[in-house]
Amino acid sequence: MKSEPDVYGIDHLSAQKRKTDHWDGIRNYQARNFIRDEMKKGDLAFFYHSNCEEPAIVGMMEIVQEAYPDHTAFLSSEKYFDAKSDPNNPRWYMVDVRFKKKFKIPVTLKTLKQEKVLAQMRLVQRGNRLSILPVTDKEWKHILKIAGEL
DNA sequence: GCCAACGTTGGC
DNA sequence: GCCAACGTTGGC
C-alpha cells in the first residue's frame, strides 16, 4: 500500500491512537477492487513510501477492518470528494490498518528492482501507478528476508 | 465505441 | 522540475 511520506507516512500511522487508522482516498478502480475484494481481516500489508527521496517499503501493517465505504468521497470539503459516489451506492471503499513494524532497514525500490525473484512484482514494473498492489507469499518472505526481519 | 485531450502519479 | 505512463472524460 503506497503513501507519500510527506502527506501520510508510516510514522503518522504509528503515532495514531492504537496505531490504527483508515486508509482513505483510493480513487482508482483497480486499487479499490483489491481493497474491497481481496483484503481480509488479519491480512498483512507492506507500507510503501512513494514520490519521495528514497522510495521504499518501510514497514508492515495489518488489516484490522475489512472494506467499508470511504465517507470522504461524500463531503465536498474533502480533497478526495467525488460527487458521483452516492452514500446509497458508494463507489469508493477503504480499510482500517494497524501499524505492526517499521523496518530498521527500509527495502528501497532500487533494491527491489535488483532482485530477480521480485521481477514480476507489479510494484517494480515500469510506469506502475497503482497505489494498492498484490504481493505473493514468496515475494513477501523474500522482502522480509532482505529487511532482516526473517 | 473510438480516441484525442487532459489530469495525475511517481521515478528520476 | 521533467516527463513517461496511465486512467478518465467527453465529443463525435
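Naming convention: chains lettered A, B, ... in sequence-line order (proteins, then strands); numbering from 1 in each chain.
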Query raised in the report: Can A:Glu62 and A:Lys100 be counted as an ion pair, charged N to O under 4.0 angstrom?
Result: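 Result for this pair is yes, salt bridge flagged.
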Query raised in the report: Where each residue is assigned the nucleotide of DNA chain C containing its nearest heavy atom, which of A:Arg126 and A:Lys84 is assigned the position nearer the 5′ end?
Result: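 It is A:Arg126 whose nearest nucleotide is closer to the 5' end.
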Query raised in the report: Which comes earlier along DNA chain C counting from the 5' end, the contact point of A:Asn51 or that of A:Asn28, where each point is its nearest nucleotide?
Result: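 In this pair, the answer is A:Asn51.
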What integer distance in Å separates [X]:[atom1] from [N]:[atom2]?
X        : N      : atom1 : atom2 : answer
A:Arg122 : C:dA5  : CZ    : C1'   : 13 Å
A:Ile26  : B:dT9  : CD1   : C1'   : 13 Å
A:Leu130 : B:dT8  : CG    : C1'   : 13 Å
A:Arg27  : C:dG7  : CZ    : C1'   : 15 Å
A:Asn128 : C:dG7  : CG    : C1'   : 12 Å
A:Met1   : B:dG10 : CE    : C1'   : 18 Å
A:Gln125 : C:dA5  : CD    : C1'   : 13 Å
A:Asp82  : C:dT8  : CG    : C1'   : 12 Å

**Report entry** Sugar-phosphate, base or nothing in reach of A:Lys110, heavy atoms under 4.0 Å
**Finding:** nothing
[N], OP1 or OP2 - any side-chain N/O from [X] closer than 4.0 Å?
X       : N     : result
A:Tyr80 : B:dT8 : no
A:Lys79 : B:dT8 : no
A:Lys2  : B:dT9 : no

Report summary line: From the candidates B:dG10, C:dG7, B:dG11, the one with an atom nearest any side-chain atom of A:Gln30 is C:dG7
Report summary line: Regarding the side chain of A:Ser50, the nearest nucleotide among B:dC12, B:dG10, C:dT8 is B:dG10
Requested in this report: Mind telling me whether A:Trp23 and A:Phe47 have parallel, tilted or perpendicular rings, with 30° and 60° as the class edges?
Outcome: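 Perpendicular: the ring planes of A:Phe47 and A:Trp23 meet at over 60°.
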Requested in this report: May I ask you to list the residues sharing a hydrophobic cluster with A:Tyr80, side-chain cutoff 4.5 Å, ordered by chain and number?
Outcome: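 Traced through the cluster, A:Tyr80 reaches no other member.
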Requested in this report: Using atom types as modelled and distance alone, determine if a side-chain donor or acceptor of A:Asp21 lies under 3.5 Å from a backbone N or O of A:Gln16.
Outcome: no
Report task. For residues 81-137 of chain A, pull every pair meeting ring pair (Phe, Tyr, Trp, His ring centres under 6.0 Å), keeping only residues two or more places apart or in separate chains. Result ->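 The answer is A:Tyr29-A:Trp92.
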